[in-house]
Amino acid sequence: MARSRQKLINQDSSLSPTAARSRELDGPSRWADYLGPDVSSPVSSTSSRNLFHDGQSQGNTPSSQSGKGLNMQWVVQLTEVAEGLMAKMYRLNQLLDYPDPVNHVFSDGFWKAGVFPNHPRVCVLLSKKFPEHSSKLQIERIDKIAWDSMQDHAELHLQSLEPWVQLLLDLMVFREQALRLILDLSSTVITLLPHQNSLILHAFMDLFCSFVRVNLFSEKMPRKMLLQTYNLLHVMSRNERDCDFYHRLVQFIDSYDPPLKGLQEDLNFVSPRIGEVLEAVGPIIFLSTDTRKLRNEGFLSPYHPRYPDILTNSAHPLRAQDLANVTAYREWVLFGYLVCPDELRRVTSIDIALVVLKENLVLTLFRDEYILLHEDYQLYVLPRILESKKMAKSGRTKQKEADLEYNVAKQVEKMISEVHEQAILSCDAIHRERRILLKQEIGRMVLFFTDQPSLLAPNIQMVFSALALAQCEVIWFFQHVGVASSKSKTTRVVPVDIDPNDPTIGFLLDGMDHLCCLVRKYIAAIRGYSLSYLSSCAGRIRFLLGTPGMVALDIDAFLKGLLQQIVHHLENLPKPQGENVSAITCDLSDFRKDWLSILLIVTSSRSSINIRHLEKATVSTGKEGLLSEGNSAYNWSRCVDELESVLSKHGSLRKLYFYHQHLTAVFRNTMFGPEGRPQHCCAWLGIASSFPECSSPIVPEEVTKIGRDAVLYVESLIESIMGGLEGLINILDSEGGFGALENQLFPEQAASHLNYASRVAIPSYKSPKGTAGVPLPGHESYPENNNSIKMLEAAMQRLTNLCSVLNDMEPICVLNHVFVLREYMRECILGNFRRRLLGVLKTDNDLQRPSVLESLIQRHVSIMHLAEQHISMDITQGIREVLLSEAFSGPVSSLHLFEKPTDQHTGSATESVCNWYIENIIKDVSGAGILFVPIHKCFRSTRPVGGYFAESVTDLRELQAFVRIFGGYGVDRLDRMLKEHTAALLNCIDTTLRSNRDVLEAVATSLHAGDRIEREASMRQIVDLETVIGFCVQAGLALAFDRLLAEASGAILEEGAPLIHSLLAGMVKHLPDGVPEKEEIRRMRSVANTAGVVSDHDSIWVRSILEEVGGASDGSWSLLPYLFATFMTSNIWSTTAFNVDTEGFSNNIHCLARCISAVIAGSEFVRLEREYQHRQSLTNGHAEGMDPELASHTSAEASIKSTLQLFVKFSAEIILDSWSETQRAHLVAQLIFLDQLCEISPYLPRSSLETHVPYAILRSIYSQYYADTPSTPLAMLNASPRHSPAILLAHASPGLRHPRGDSTPPYYGNDSGYFKGGSSSHSQEHLYDADIGSIRNTRRSGPLDYSASRNRVKSVEGSTSGSTGPSPLPRFAVSRSGPLAYK
């Protein structure tokens, strides 16, 4: 610590007048820390730096000539030093949380930054009492605690303050050196007019403006507190001795408090030269503000404004080139008149200042730091004008010019007083008009040069001018966004009305980007043209050097040598003819150094040959003078080897980094607005590539911060762009988009329209808008309804344009980050598709209809395919990946052998849909009254399940849509979930069998013995019988649902892959039957069962479940038919009613029949398979006779058949025994239930039921139900009584004839031999027709002797085949109450 402070003290002790002079003479050594490494590089991006390199040649001149010219090295070096000083001040302000030292306002972050001691009371007092010495303030009495703390930690505080006190010292030395150099330039340079000496003029004014900026910016740092606190700490640690530089710094800070006061005093001696310069640049400033003249006279047009056929603009070439510097000229005016207010009293200065002040509210100092322009003019310029006005008035009698001076001062006073109000009201309108002009001109320029690239090179200077003007307007816009200016009279803060939705910003950015791309694309042609121009220029300069005027001049040898060297450089340029121009490498820096050396000599007042001599000697030729040719050659030479740096100077928007928050906001407001263009996003993103160039080498940590901010800016814009892309897709995918074109009328709506049209006689009443607010198809074609179509067309156009632009965009490189927009676009489209898919699965937490879901997905996919046409990427593959990832919830159990990885989270959509079906359809958790309707192959509900009734989501067409969406993986997942649920239900049956085994054995014994009393007593001991019945009904629902799912899956397979479907259908017929089945055969049968090509779906499905879970492994499963038979004693039958319209029962008892058939068959297969395996283990696989597997399968079928017959026998016995005159309501439902069981089961022929329940009774029951339906004719029996009533009714009643849509034979088709018996249907038909008249007179009710009826049926059955006589069946068919009074 001591050594570092001692070093600083030693450095500052050298600042005595003598030491300071020696210190200033060593030049670059002092400012090495402020000069970045790029200053010493051969190529620079700015003209001032280029001047620095070129000006170094002056130091190599002989001593005899060095006094004739200025050393430009100092000029440019100090300009660079000013940038470094401001970068350090900017960093200090960041650390201190942007304090307000003028008003002594300091935030908490200021004290926590670690720069100043955290003792606000002491530090603020020191600042307020400046320049009083701290010893006079008696600080120890004011805050004793802070005083003691500062004494204890003086060394530490000094160390933190030292670098910033050094900054104060550097500011003071910079002021001295810069003032001296500005004075030297002002007094020695003959002319500083832009058309004569533009290079030195720009260097001089750059230094002038930098000097003003540094000192104005220094007011924003706490200079007083910094110096006073440091000196106080120094006094504490150095025995009451001030630091050596204290008094000089006090004088410096005090003289620049406020800075404008010191600047006006210091720059008073150069004020006349500044006034001359500002008057000289006035015409260009006026031209730049006259948008009508710029447009009408074609200053920015590549072709002649009045002669469009002339494809080159020679109207105003020099003036158009000079427009590239108009931004700098405006800054010169603002800074010049601010620090040299006396120059405003020139007659022409008023108009120049008015034009510039009227269109600006702030004056940028450095990056995003600025001062309020008009406030400072009123505070520091207006008093000087009022003073001169007062002097002119008091001296009116003594001076003839007093009146003129007074009038001018009065006009200036009026202008300054009124221009602030004008600027607040009109500045945005002025710049908006200018932006519109540039938008049009640059747009035409891009189109012209894209079509005529050969004309780009001759007009490159005009391109630079257009870029510079657009750059100025864009930066101005963001500098003024959010600016609040205070009116001096009312002291109110007035926000400036800058429209953040202005779309011209996007057009300007896009135009600048296109122009820069064109320049870079044709850089070889521009270099070739520039080389050709320089070659021709060599001849002209040699000619001018040989003119009599030049020969007559007494030019010394050194200057003559430089002129000859210029010609030598130009004549030895490589020739672009016949060569690859892009391969030509030439360095023209030596040429520029020599030319700059000539300018330095001839513009010096100390030179014997000056600029006026050369002009007079060469201009008499009628051509351009020597200096004009040389300056033009200088500018064109930079297009050869420094074109990129020139392009960066005029076209770079890196300064917008400091407004990147505003950039993001304006982008979001304008990009997808009504006038936004998707093409502009390239330019908005491309700006970020130049952001890192804003970092200063003086502050190394800026590179990281700016790079991070640039990356975040790009990510934010990409997020907005992708959000807009999603928005366009979703607009097209909305009901107001493509959905409006898919509107279809429901049948009821169509009927309503037809009725309406038929009633209305006047054609005008037939409005295309439809009736009752429902639009007719095609209504959008009418003119009054075409706004929606226009919206769709605009959205489609924007979508395709955006996709094309993003696809063609080059990668955005920000430091080591590369952003490829194509990849982002693909992820955005697919991510939006995934979200859309998951979003439309459900509506209000309920399932969307699969058919509607399918149409929505197809609509979205069609939009994605529309976008894919403009993207060089495979979006279709991505769509498949999304659908697969949302459908794949695990490998297909019957096809795949691999396991799903535990870390793979896919299939969320499938899981969601399948869970909904299980919970709401199978389990019916909402209590909607789910009912399976066999005749329609769907489920129904008494009230909506969510937003739809059950039939709307379980119809075969809906399940087919489900299969098309989720494919085999979705089918397998739903199948597995159904199996898991059914397995749990089967486990309940297993538990019931185990827990009631003894009771069931007693029931079986009593059934076989015919002991009714014992049977009923045992049945009453069975636990939870009603619950088990409910589980079995639910299992039957699952079987029915899986059957429908298999049918839907088979239909889709046949539609999409008919060969595979036919292969499965043919293969399943030839699969060998065996018990046990081989693994391959089992898997093939399972696949075929999933595709719905197997007739016995239910038993195979239950068999697979039992095999997977190891069910039916206990001996208690042999009691299964007895358990099922006890179901006939349940109370559920009292609430069971048969429904003709559904061919099922009101409480899904028909699903119980499906469950009983499948469970008995599956369990028997599993039991016999295990017995076979047990026997094989005992006999070691040796068997004799027929194939043991085939024999086992045959025995399994026989066992299933006998078990089912046993169930039917005992069930019929229980049913008939429980019937009585007082309790017979359940009888009909139970008999129909047994008949449906025979129809469902392929192993149970109807003859087994006929043995126990006569068909006469069943037919009479069916006749009663179907006769009550108005759509059924009374005479409907025309077949053998052996036929099933269901078949008879299906053939007899047109209203009940429902042909099967699938190729699967009905369940009862397996009993084919049973239907071979025939009868004389013709005679029976005649009998029935003759008996119709007596039907109404038949007995309506009355009991029947069941035993007599049974005997009569038996006698009929015995003589049916040959009987032609009348049958007793018509009596039963027409009886309204049936053979039994069951009501």
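Start at 1 with the first residue, then count along the sequence. Note: hydrogens, waters and symmetry copies are ignored here, and every other heavy atom, side chains too, is used.
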Next on the checklist: So Leu653 and Leu509, do their side chains get closer than 4.5 Å, heavy atoms only?
Outcome noted: yes
query = Could you walk me through whether Phe888 and Arg973 pass the side-chain contact (heavy atoms from CB on, under 4.5 Å) check?
reply = CA-CA 8 Å; Phe888 178 77; Arg973 180 55 184 161; over 6 Å; no
Test side-chain contact (heavy atoms from CB on, under 4.5 Å) applied to Ile871 and Met825, step by step:
CA-CA 9 Å; Ile871 304 173; Met825 178 170 55; 3.8 Å; yes
Any side-chain heavy atom of Gln960 sitting closer than 4.5 Å to one from Asp955?
no
Hits for side-chain hydrogen bond (donor to acceptor under 3.5 Å, both in side chains) against Arg880, two or more places apart or cross-chain, chain-then-number order -> none
Given side chains that start at C-beta, do those of Phe477 and Val666 come closer than 4.5 Å, heavy atoms only?
yes
### Lys/Arg N to Asp/Glu carboxylate O, Arg677 vs Asp510, below 4.0 Å
no
Exercise for review: Verify, without hydrogens or angle tests, whether Glu868 (side chain) and Thr876 (backbone) share a donor-acceptor contact under 3.5 angstrom.
Suggested key: yes
Distance alone, cut at 3.5 Å: any donor-acceptor contact between the side chains of Ser952 and Glu958? no
To the nearest 0.5 Å, atom CZ of Arg435 lies from atom OG1 of Thr504 at 4.0 Å
For residues 813-831, the side-chain hydrogen bond (donor to acceptor under 3.5 Å, both in side chains) pairs (sequence neighbours left out) are none
Check your understanding: Does the ring centre of His680 sit less than 6.0 Å away from the ring centre of Phe507?
Key -> yes
* For Asn730 and Asp733, indicate whether the former's side chain and the latter's backbone hold a donor-acceptor pair under 3.5 Å. => no
When every non-hydrogen atom of Ile965 is compared with those of Pro850, the smallest separation belongs to CD1-O, 3.6 Å
Minimal heavy-atom distance between Gly970 and Cys914, with the atoms involved, is O-SG, 4.1 Å
Are the side chain of Ser941 and the backbone N or O of Ala950 linked by a donor-acceptor pair below 3.5 Å?
yes
(message) Would you say that Met864 contacts Phe833 through its side chain, given a criterion of any heavy-atom pair below 4.5 Å between the two side chains?
(response) yes
| request: Step through the shown structure and confirm whether more than 12 heavy atoms of other residues, nucleotides or ligands are within 6.0 Å of CD on Gln877. | output: yes
To the nearest 0.5 Å, atom CD of Gln858 lies from atom OG of Ser862 at 8.5 Å
Do Thr664 and Trp684 come within less than 4.5 Å of each other through their side chains, counting heavy atoms only? no
Between the OH atom in Tyr713 and the CD1 atom in Ile812, the distance rounded to the nearest 0.5 Å is 10.0 Å
*asked:* Is it the case that the side chain of His860 and the backbone of Leu856 share a donor-acceptor pair, with hydrogens and angles ignored and the cut-off at 3.5 Å?
replied: no
Does the side chain of His936 come under 3.5 Å of the side chain of Glu951 through a donor N or O and an acceptor N or O?
no
Q.
Check whether Asn920 reaches the backbone of Asp924 with its side chain - one donor and one acceptor, N or O, closer than 3.5 Å.
A. no
Taking C-beta and beyond as the side chain, do Phe939 and Val953 meet within less than 4.5 Å on heavy atoms?
no
Closest heavy-atom pair, Val945 versus Ala928, reported as atoms and distance to 0.1 Å, is CG2-CB, 3.6 Å
Original post:
When you check the side-chain N and O atoms of Ser885 and Arg834, is any donor under 3.5 Å from an acceptor?
Top reply: yes
- Query: Less than 4.5 Å apart, any side-chain heavy atom of Leu841 and any of Val913?
  - Reply: yes
Taking only distance into account, with no hydrogens and no angle test, what donor-acceptor pairs under 3.5 Å do side-chain atoms of residues 794-808 form with protein atoms, sequence neighbours excluded?
{"from": "Gln797", "atom 1": "NE2", "to": "Asn801", "atom 2": "OD1", "distance (Å)": "3.3"}
{"from": "Arg798", "atom 1": "NH1", "to": "Gly673", "atom 2": "O", "distance (Å)": "2.8"}
{"from": "Arg798", "atom 1": "NH2", "to": "Gly673", "atom 2": "O", "distance (Å)": "2.5"}
{"from": "Arg798", "atom 1": "NH2", "to": "Pro674", "atom 2": "O", "distance (Å)": "3.0"}
{"from": "Arg798", "atom 1": "NH2", "to": "Gly676", "atom 2": "O", "distance (Å)": "3.3"}
{"from": "Thr800", "atom 1": "OG1", "to": "Met796", "atom 2": "O", "distance (Å)": "3.0"}
{"from": "Thr800", "atom 1": "OG1", "to": "Gln797", "atom 2": "O", "distance (Å)": "2.9"}
{"from": "Asn801", "atom 1": "ND2", "to": "Gln797", "atom 2": "O", "distance (Å)": "3.3"}
{"from": "Ser804", "atom 1": "OG", "to": "Thr800", "atom 2": "O", "distance (Å)": "2.9"}
{"from": "Ser804", "atom 1": "OG", "to": "His870", "atom 2": "ND1", "distance (Å)": "3.4"}
{"from": "Asn807", "atom 1": "OD1", "to": "Ser872", "atom 2": "N", "distance (Å)": "2.9"}
{"from": "Asn807", "atom 1": "OD1", "to": "Ser872", "atom 2": "OG", "distance (Å)": "2.8"}

Item to complete: Carefully, step by step, assess Leu838 and Glu886 under the rule side-chain contact (heavy atoms from CB on, under 4.5 Å).
Response: CA-CA 9 Å; Leu838 296 176; Glu886 294 302 326; 3.4 Å; yes
I'd like to know if the side chain of Thr670 reaches the main chain of Pro503, judged simply by a donor and an acceptor atom lying under 3.5 Å from each other, with no hydrogens or angles considered.
no
Ring centroids only, cut at 6.0 angstrom: are Phe691 and Tyr657 within range, meaning strictly under it? yes
Value for CG (Leu883) from CD1 (Ile857), rounded to nearest 0.5 Å, stands at 6.5 Å
For Ser652, the side-chain hydrogen bond (donor to acceptor under 3.5 Å, both in side chains) test, sequence neighbours excluded, returns Arg654
Between Arg964 and Arg957 the two heavy atoms that sit nearest each other are NH2-O, 4.4 Å
CZ of Phe1041 to CG of Asp975, rounded to nearest 0.5 Å, is 10.5 Å
I'd like to know if Glu854 pairs up with Arg849 as an ion pair, taking the criterion as any Lys NZ or Arg NE/NH1/NH2 lying under 4.0 Å from an Asp or Glu carboxylate oxygen. no
With no hydrogens and no angle check, is any side-chain donor or acceptor of Ser912 less than 3.5 Å from a backbone partner on Ser908? no
Interatomic distance, CD@Gln471 vs CG@Leu438, rounded to 0.5 Å, equals 12.0 Å
Quiz prompt | Trace of the side-chain hydrogen bond (donor to acceptor under 3.5 Å, both in side chains) decision for Ser720 with Arg668 | solution = CA-CA 7 Å; Ser720 299; Arg668 289 173 178 168; 2.8 Å; yes
Could you tell me whether the side chain of Asn669 and the main chain of Ala665 form a donor-acceptor pair under 3.5 Å? yes
Hits for side-chain hydrogen bond (donor to acceptor under 3.5 Å, both in side chains) against Lys923, two or more places apart or cross-chain, chain-then-number order -> Glu919
Between Ser690 and Ile687, the two heavy atoms sitting closest are OG-O, 2.8 Å
Ser689 (side chain) donor-acceptor with Cys813 (main chain) under 3.5 angstrom: yes
- Query: When the ring planes of Phe962 and Phe966 are compared, do they come out parallel, tilted or perpendicular, using 30° and 60° as the limits?
  - Reply: tilted
Sorted by chain and number, sequence neighbours left out, side-chain hydrogen bond (donor to acceptor under 3.5 Å, both in side chains) with Gln440 holds for Arg295
| Ser716 side chain to Leu712 main-chain N or O, any donor-acceptor pair under 3.5 Å? | no
- Item | Test log, rule side-chain contact (heavy atoms from CB on, under 4.5 Å), inputs Leu847 and Tyr917 | CA-CA 9 Å; Leu847 184 71; Tyr917 275 114; 3.8 Å; yes
Minimal heavy-atom distance between Ile879 and Val861, with the atoms involved, is CD1-CG1, 3.9 Å
Under a 4.5 Å cut-off applied to non-hydrogen side-chain atoms, are His660 and Leu656 in contact?
no
